[in-house]
Student: 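Sending over a structure as structure tokens; questions will come in a sec.
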Amino acid sequence: MRLAIEPAGPTIGMSGTMVDHDRAENRIAHLVALVRLWMQRYRERRALVGYTDLDVVSDHILRDLGLTRAEARAECRKPFWRQ
């Protein structure tokens, strides 16, 4: 028989302060999701650079993506943490 002992709700941490484990887990999950979103934006914007810097792609292909060449260039210049 195996017993799992997990804290239920807040507990006292090593520094003597209250620690809410559920809240800490939610913050970690939120941080992981945010980093994943930033990585996705970074990859998408790097891929878009190829479309705008190399004048190989015609404007009609960019229109298929829903962008003008100017909008694509502006999107590429944005840092990954901006929407």
Side-chain angles (χ1 to χ4, degrees):
M1 174 191 262
R2 188 172 166 215
L3 296 175
I5 301 174
E6 294 184 25
T11 58
I12 303 293
M14 301 230 4
S15 64
T17 59
M18 295 295 287
V19 177
D20 186 349
H21 295 282
D22 292 335
R23 188 171 175 191
E25 287 177 10
N26 286 342
R27 286 183 178 179
I28 291 170
H30 176 74
L31 181 61
V32 168
L34 183 62
V35 169
R36 285 183 177 158
L37 175 64
W38 285 353
M39 289 171 57
Q40 178 184 354
R41 285 181 187 162
Y42 178 80
R43 286 190 301 269
E44 288 173 355
R45 289 175 183 167
R46 291 304 98 200
L48 196 54
V49 167
Y51 286 126
T52 57
D53 285 348
L54 307 172
D55 289 324
V56 175
V57 178
S58 64
D59 288 331
H60 87 275
I61 292 177
L62 287 172
R63 274 195 306 272
D64 286 346
L65 295 172
L67 298 169
T68 65
R69 193 165 300 276
E71 290 170 334
R73 285 191 179 117
E75 186 70 23
C76 291
R77 285 192 295 267
K78 286 199 287 190
F80 62 86
W81 58 87
R82 290 215 183 121
Q83 191 171 9

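Hydrogens, waters and symmetry mates play no part in the numbers below; they use all other heavy atoms, side chains included. No experiment lies behind these values; they were computed from the predicted model shown.
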Student: With rounding to the nearest 0.5 angstrom, report the CZ to CZ distance, R63 to R69.
Tutor: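 Going from the CZ atom of R63 to the CZ atom of R69 covers 10.0 Å.
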Student: When you check the gap from the basic side-chain N to the acidic O, do E75 and K78 get nearer than 4.0 Å?
Tutor: yes
Student: Nearest 0.5 Å, please: how far is CE in M39 from CG in L34?
Tutor: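 Rounded to the nearest 0.5 Å, the CG-CE separation comes out at 12.0 Å.
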Student: Can you tell me which residue among R36, E44, R43 is in a side-chain hydrogen bond (donor to acceptor under 3.5 Å, both in side chains) with Q40?
Tutor: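 Single pass found, and it is E44.
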Student: Does a side-chain heavy-atom distance below 4.5 Å link Q83 with R41?
Tutor: yes
Student: Between atom CD of E71 and atom CG of L65, what is the distance when rounded to the nearest 0.5 Å?
Tutor: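 The CD atom of E71 sits 11.0 Å away from the CG atom of L65.
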